[in-house]
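Remember, it's a predicted structure, so these values are computed and weren't measured experimentally. Within every chain, numbering begins at 1; the chains are lettered A, B, ... in the order of the sequence lines, protein sequences first and strands thereafter.
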Protein chains: 2
Amino acid sequence: MSGAEIMNERKKRILQAVTDDYISTAEPVGSRTIARRYNLGISPATIRNEMADLEESGYLEQPHTSAGRIPSDKGYRFYVDSLMQARPLSKEQQARIYRELKRRQHEIEALIQHTAKLIADLTSCAALILCPRLQDRVLKHIELIPLNEENVLVILVTSPGFVETRVVEIPHPISAEELRKVAEFLNAHLQGMIVSNIRVSLLKQLHLELVRYNSLLEGTLDLIIKTIRKSGKERVYREGTMHILEQPEFRDIEKVKPLFEFLGEDDTLIDILGNASSHGELRVVIGKEHEMAEIRDCSMISAPYGIRGNIVGILAVLGPTRMDYARIISLVEFVAGLLSDTLTEIDAS
Amino acid sequence: MSGAEIMNERKKRILQAVTDDYISTAEPVGSRTIARRYNLGISPATIRNEMADLEESGYLEQPHTSAGRIPSDKGYRFYVDSLMQARPLSKEQQARIYRELKRRQHEIEALIQHTAKLIADLTSCAALILCPRLQDRVLKHIELIPLNEENVLVILVTSPGFVETRVVEIPHPISAEELRKVAEFLNAHLQGMIVSNIRVSLLKQLHLELVRYNSLLEGTLDLIIKTIRKSGKERVYREGTMHILEQPEFRDIEKVKPLFEFLGEDDTLIDILGNASSHGELRVVIGKEHEMAEIRDCSMISAPYGIRGNIVGILAVLGPTRMDYARIISLVEFVAGLLSDTLTEIDAS
DNA sequence: GTTAGCACTCTCGCCTGGCGAGTGCTAATG
DNA sequence: CATTAGCACTCGCCAGGCGAGAGTGCTAAC
């Protein structure tokens with residue numbers, strides 16, 4: 001109840017020992033184990049007393065009487081906020097990640113997919129990467145290609161190298177030549193703009209310039225703009241969802257099912273990730289702190305990545321609440337930074 | 001051993017009853033159950049005798065003494081080949097599928113993804129669709145877009161409406177204008193060709209025409225051709241892999257793991273599917289008939305789909321050996337046909 | 001050839017008792 | 001007064017035993 005207990009140094013050390021041990025063994029940890037494995041210079045009995053206090057204040061819990069203790073969500077939270085010392089990556093690991101990411105740089109989607117895979121493999125958790133919404137990106141180039149009489153392929157190249165294709169159904173056939181002119185017109189006026197800003201400014205230009213073109217184009221142009229503006233769904237890359245099956249807490253198939261269903265739904269994922277780190281910093285959400293019931297057994301560590309300081313996407317790791325926070329936080333931070341650098345570099349060239 | 005046993009009418013009826021029942025209940029089925037549920041006009045004792053024979057000839061097996069019988073792979077094979085009456089889809093179901101597939105026709109990737117999802121939902125199995133290799137498709141259009149000084153975006157539109165994008169790193173900067181000429185040249189000479197045929201004919205043309213262009217282009221052109229020709233990986237769409245978790249035979253997580261790992265690997269999937277129905281007909285592979293050990297507990301039903309009779313891809317359903325063959329075979333056949341029609345239609349327009 | 005009856009086998013669920021791990025309390029200790 | 005040792009107690013887990021239920025195989029009768 002109170003919660004206003006004093007968290008003395010010894011209690012902290014014990015909570016840390018319990019958490020560290022549970023993270024690495026996945027077994028409830030008892031007083032004896034702590035006394036043996038972490039030489040805090042105190043006896044199991046003392047540890048027991050302290051653990052009883054910690055349980056009362058909600059930092060630890062017992063799966064059942066007379067099992068060891070495991071950290072509660074509150075315990076993990078305290079661990080993450082105050083106890084854990086972020087374990088920086090070894091030079092070799094940094095070098096390895098660096099090397100992996102620098103390889104096939106020029107296909108951006110491959111880069112992101114690859115990054116996700118890398119994180120997943122290094123953490124044994126599910127890795128998620130959210131790409132920037134089309135609307136938030138800068139338009140670099142538009143191309144229009146006639147597919148047949150009714151359909152035009154619209155290709156949008158946006159910073160920092162994404163390519164989107166859409167098929168637009170047009171009301172009237174348009175010649176390739178005319179289409180090229182339209183594309184030219186669009187490029188001339190829209191290049192460098194952020195996609196979501198396009199409509200307003202375009203409409204102004206449109207009026208002035210429209211007379212030059214066949215009136216048939218009016219509807220087409222409108223459709224193309226609509227196409228650009230709509231379907232502004234983020235894309236989300238997943239990797240390593242299978243790693244979840246390796247975690248002992250998910251040996252029960254009934255626990256896995258809702259989680260996998262959650263991971264399968266683009267929309268909810270996008271939602272969650274979008275909320276997660278859109279406000280700039282690395283963030284850790286633990287267990288029941290999640291809004292979505294399906295992932296109340298999981299923790300998520302997320303960090304934004306960006307171009308020249310502007311956030312363009314979010315990178316996250318999802319795993320059991322018993323995850324190796326110290327390592328994974330460092331990793332996520334490092335990779336997000338590296339990804340930002342890489343994208344910035346690509347964008348500049 | 002013998003196998004040369006006479007499979008009389010009654011044995012067939014019993015095998016069918018066992019199989020039907022096991023498919024719908026997932027429980028070993030005993031003689032009593034059959035006598036009660038399927039009125040074959042014979043008593044449990046007689047059924048027992050026949051079942052013993054069927055077991056000896058390898059069509060049935062017992063999970064343990066004194067459980068009911070379940071069909072062996074050989075039993076399923078016989079069931080599929082000789083007993084099962086393909087259960088045609090109801091008019092409503094056909095209509096529903098038809099309606100679903102006719103919706104957003106013009107984005108072809110979405111169409112295929114959508115088809116996979118539909119099959120997965122209707123079968124409660126995993127649905128897989130293999131797209132044609134780039135190399136086997138007809139080139140409809142090439143577009144080259146400069147991204148920056150070192151990179152060019154190559155866009156390939158191929159029948160029946162696929163769009164592929166690749167980034168090519170070029171040795172020397174090329175102006176947009178020159179690039180446009182190259183694209184024009186390529187379009188003029190390559191349109192309508194099957195991608196895998198491109199190299200030979202191009203080289204001939206190349207020599208004749210090359211003099212017109214800056215010699216710097218030579219290397220670039222070569223790179224572009226290489227890009228087109230390489231990376232001819234099929235793409236495979238998956239849907240409904242989660243449905244597998246619903247099947248009682250996969251309640252054990254240890255059985256799911258290798259299967260999911262298998263489903264996660266593009267390359268092996270492509271391999272399996274490529275072999276499956278490349279020779280034209282609907283095919284059923286049951287349990288241990290599979291080459292890959294990971295799916296020896298599964299059956300796969302696959303059918304090719306194509307454009308104007310030319311196979312361009314393969315559609316498959318993967319589920320437990322205890323799957324509803326009668327229904328799923330009809331479904332796969334129907335959807336493959338419909339997909340073929342749709343693609344043919346799109347290609348023609 | 002078919003069927004009824006019966007003994008047999010096997011799984012499954014349930015209960016039991018012993019074991020080990022870990023706790024909480026109390027009293028002794030520095 | 002904080003710390004520790006000792007001890008009784010609680011619980012989950014596991015192995016073994018038992019009965020119920022389902023289903024078979026065999027035999028003898030129809």
Please check the phosphate of [N] (OP1 and OP2 only) for any side-chain N or O of [X] closer than 4.0 Å.
X      : N       : answer
T65(A) : dT10(D) : no
R10(A) : dT3(D)  : yes
S66(A) : dT23(C) : no

Spacing of [X] atom [atom1] relative to [N] atom [atom2], expressed in whole Å:
X      : N       : atom1 : atom2 : value
Q62(A) : dG12(D) : CD    : C1'   : 12 Å
M51(B) : dC26(D) : CE    : P     : 14 Å
R69(B) : dG25(D) : CZ    : C1'   : 9 Å
N49(A) : dA2(D)  : CG    : P     : 11 Å
I70(A) : dG12(D) : CD1   : P     : 14 Å
E61(A) : dT23(C) : CD    : C1'   : 17 Å
D21(B) : dA22(D) : CG    : P     : 15 Å
D53(B) : dT2(C)  : CG    : P     : 11 Å

Sugar-phosphate, base or nothing in reach of A45(B), heavy atoms under 4.0 Å: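 Base contact.
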
[Y] and [X], any side-chain heavy atoms less than 4.5 Å apart:
X       : Y       : answer
E239(A) : I129(A) : no
I23(B)  : Y79(B)  : yes
F250(B) : F260(B) : no

Atom CZ of R77(B) with >12 non-hydrogen neighbours under 6.0 angstrom: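 It does: R77(B) CZ has more than 12 such atoms within range.
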
Nearest to side-chain heavy atoms of R48(A), which nucleotide of dC10(C), dT23(C), dT24(D):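 That would be dT23(C).
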
Closest nucleotide among dC10(C), dA5(D), dT3(C) to the T46(B) side chain: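 For T46(B), the side-chain atoms sit closest to dT3(C).
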
Whichever of E55(A) and H64(B) has its nearest DNA chain C nucleotide further upstream toward 5': H64(B)

Option among T123(B), L331(B), V335(B), I97(B) that satisfies the side chain to side chain contact (heavy atoms under 4.5 Å, CB included) test with L118(B):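 In the set T123(B), L331(B), V335(B), I97(B), the residue that makes a side chain to side chain contact (heavy atoms under 4.5 Å, CB included) with L118(B) is I97(B).
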
Of T321(A), L54(A), V18(A), D20(A), the residue whose pairing with P71(A) passes side chain to side chain contact (heavy atoms under 4.5 Å, CB included):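 That would be V18(A).
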
For DNA chain D, the residues among residues 26-42 of chain A that have a non-hydrogen atom under 4.0 Å from it: G41(A), I42(A)

Residues in side chain to side chain contact (heavy atoms under 4.5 Å, CB included) contact with E27(A), at least two apart in sequence or another chain: T25(A)

